[in-house]
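Input: a single structure, listed below in structure tokens.
In each ligand, atom 1 is the first atom listed, and ligand 1 is the first ligand listed.
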Amino acid sequence: MIQIDEYTPIVGQSVIDDLKLLAEKLKGRTVQHINSTSVGGGVAEILNRMVPLLRELGVDTKWDLIKGGEQFFEVTKKFHNVLHGRKEEVSQRDFDIFMETSSKNIEEINTYGDIVFVHDPQPIALVKKRGNNKWIWRCHIDVSNPHQKVWDFLKDFIIQYDSAVFSAPGFSQKLPIRQFLISPSIDPLSDKNKDLPQETIDAVLNKYGIVPDKPIITQISRFDRLKDPLGVIEAYRQVKRYIDCQLILAGGAASDDPEGIQVLEEVMARAKGDPDAHILLLPQNDIEVNALQRASTVILQKSLKEGFGLTVAEALWKAKPVVASHVGGIPLQVKHKYSGLLCRSVEGAAFAIKQLLNSPEYSRRLGENGKEHIRNNFLLTRHLRDYMLLFLSLYHPEDVVNL
Ligand code: UDP
């Protein structure tokens, strides 16, 4: 178990002292997180780190999962896609399926927390159970331009919460409840992000047949069309015409994302016949992800839509030069030509990757700036502080600024 004091050398003593002070004020309250999966994707990634640290700080924190079958997760994935602007037909049957499973969860899940902290649309209907405890809805997706019917459906639930939290200013919506802007974070001491010995990195490369002496372009993402895996392959091909390089396109499966295997098959078919294009279905293994990121020459995040994009923060924390799309929370992390390069097309991505591969000194500078940008803004300690202030604000709606 990592102790909170171990973060002091990374963020400084005053940040840790602040956290302890805030935790003290929350003594006696129980915070209950609820989401739909414990593995895969950004929400699980954050909760796996945040929950133990809040407990260690003395805040009684619990984490519960809703249950759902294949049909339910197909519907919630569709909601996710259309909220992100993808064109898909949403029928009354979809809403019915959503409500059937929601009703079961409403019956079965005990919402005992003083503060019930509900993540994303899947468990949103649980708010029907609210008593006189406090309820927060945490939206991790970009709903700046949502499918109106789905948004209206969700909004009926959202307005029953005390507060809503969004990841970036552009994502917020007109709502009659209080809204907070809190960006996600990464844990610098987790297996995903901690320093690794070179032997570990070499062993992972060896396991997947990747050679260390040819530039490596990497995207780590669930196999999801919104991560544009085919665009990644195309950008790599355009680069490879000029620079001999390798591609790693790696992802695992998330239990609330039923589309993954189909997308993986499409990607495999597209990359077939190129021994330098490594399409990897990863086991849930944070050290392997960490090693692949550290072994990379350039990290790509070619998403068409994105919530925050934790993979970008993970890459920048490793001081890697990053090429990433100008979508979702990515521009908060990548300041163009300062902490990475932003792109808006396959051609733009290929051009930026070539520029980085041809300019090691420029790449190094971008990576270093990126690391400091993450240190100052997107580490777990800042996130813990924001959440504890949010919890306290529920009890002190007037004077949160004075806490
Ligand atoms: N991730 C992982 N293994 C994989 C693919 C992704 O551990 O095979 C992690 C990744 O390192 C990151 C998170 O899952 O921590 C993905 O979060 P992000 O915000 O980038 O995207 P999301 O999946 O939430 O859309």
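Nearest-residue assignment for atom 9 (C) of ligand 1 (options Lys192, His140, Glu314; heavy-atom criterion): Lys192.
For the pair Gln293 and ligand 1, the shortest N or O to N or O distance does not fall below 3.5 Å. Considering both main-chain and side-chain atoms, Ala250 never comes within under 3.5 Å of ligand 1 through any nitrogen or oxygen pair.
For atom 24 (O) of ligand 1, the closest heavy atom belonging to the protein is Gly42 N, 2.8 Å. The protein heavy atom nearest to atom 23 (O) of ligand 1 is Arg222 NE, 2.7 Å. In terms of protein heavy-atom proximity, atom 4 (C) of ligand 1 is nearest to Gly252 N, 3.4 Å. The nearest protein atom to atom 25 (O) of ligand 1, hydrogens excluded, is given as Lys227 NZ, 2.7 Å; this is a heavy-atom distance. The protein heavy atom nearest to atom 18 (P) of ligand 1 is Leu310 N, 3.5 Å.
For the pair Leu366 and Lys335, the minimum side-chain heavy-atom distance is 4.5 Å or more. A heavy-atom distance below 4.5 Å is not found between the side chains of Ser296 and Lys318.
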Taking distance alone, no hydrogens or angles, what donor-acceptor pairs closer than 3.5 Å link side-chain atoms of residues 341-360 to residues at least two apart or in another chain?
unit_1: Ser345; atom_1: OG; unit_2: Gly348; atom_2: N; d: 2.9
unit_1: Asn358; atom_1: ND2; unit_2: Lys354; atom_2: O; d: 3.2
unit_1: Ser359; atom_1: OG; unit_2: Gln355; atom_2: O; d: 2.6

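Contact annotation for Ile220 and ligand 1: only side-chain heavy atoms (C-beta onward) come within less than 4.0 Å of the ligand. Of the heavy atoms in Val289, only side-chain atoms (C-beta onward) come closer than 4.0 Å to ligand 1.
Those atoms of ligand 1 that come under 4.0 Å of a heavy atom in Gly309, given as number and element, are 19 (O), 20 (O).
Here Glu266 does not pair with Arg270 in a salt bridge; the nearest charged N to carboxylate O distance is not below 4.0 Å.
Counting only distance, with no hydrogens or angles, the side chain of Gln333 and the backbone of Ala313 share a donor-acceptor pair below 3.5 Å.
Within the structure, the closest approach of Gly307 to ligand 1 does not fall below 4.0 Å when heavy atoms are considered. Gln301 does not count as a contact of ligand 1, since none of its heavy atoms falls under 4.0 Å from the ligand.
The aromatic ring centroids of Tyr387 and Phe180 lie 6.0 Å or more from each other.
Atom-to-atom distance recorded for Ile136:CD1 and Leu390:CG is 4.0 Å, nearest 0.5 angstrom.
Checking each of Asn377, Asn376, Asn369 against His373 for a side-chain hydrogen bond (donor to acceptor under 3.5 Å, both in side chains) leaves exactly one that passes, namely Asn377.
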- [ ] Dump the intermediate steps for ring-ring contact (aromatic ring centres under 6.0 Å, His included) on Phe157 and Phe153, then the final yes or no.
- [x] CA-CA 8 Å; Phe157 297 109; Phe153 174 78; 5.6 Å; yes

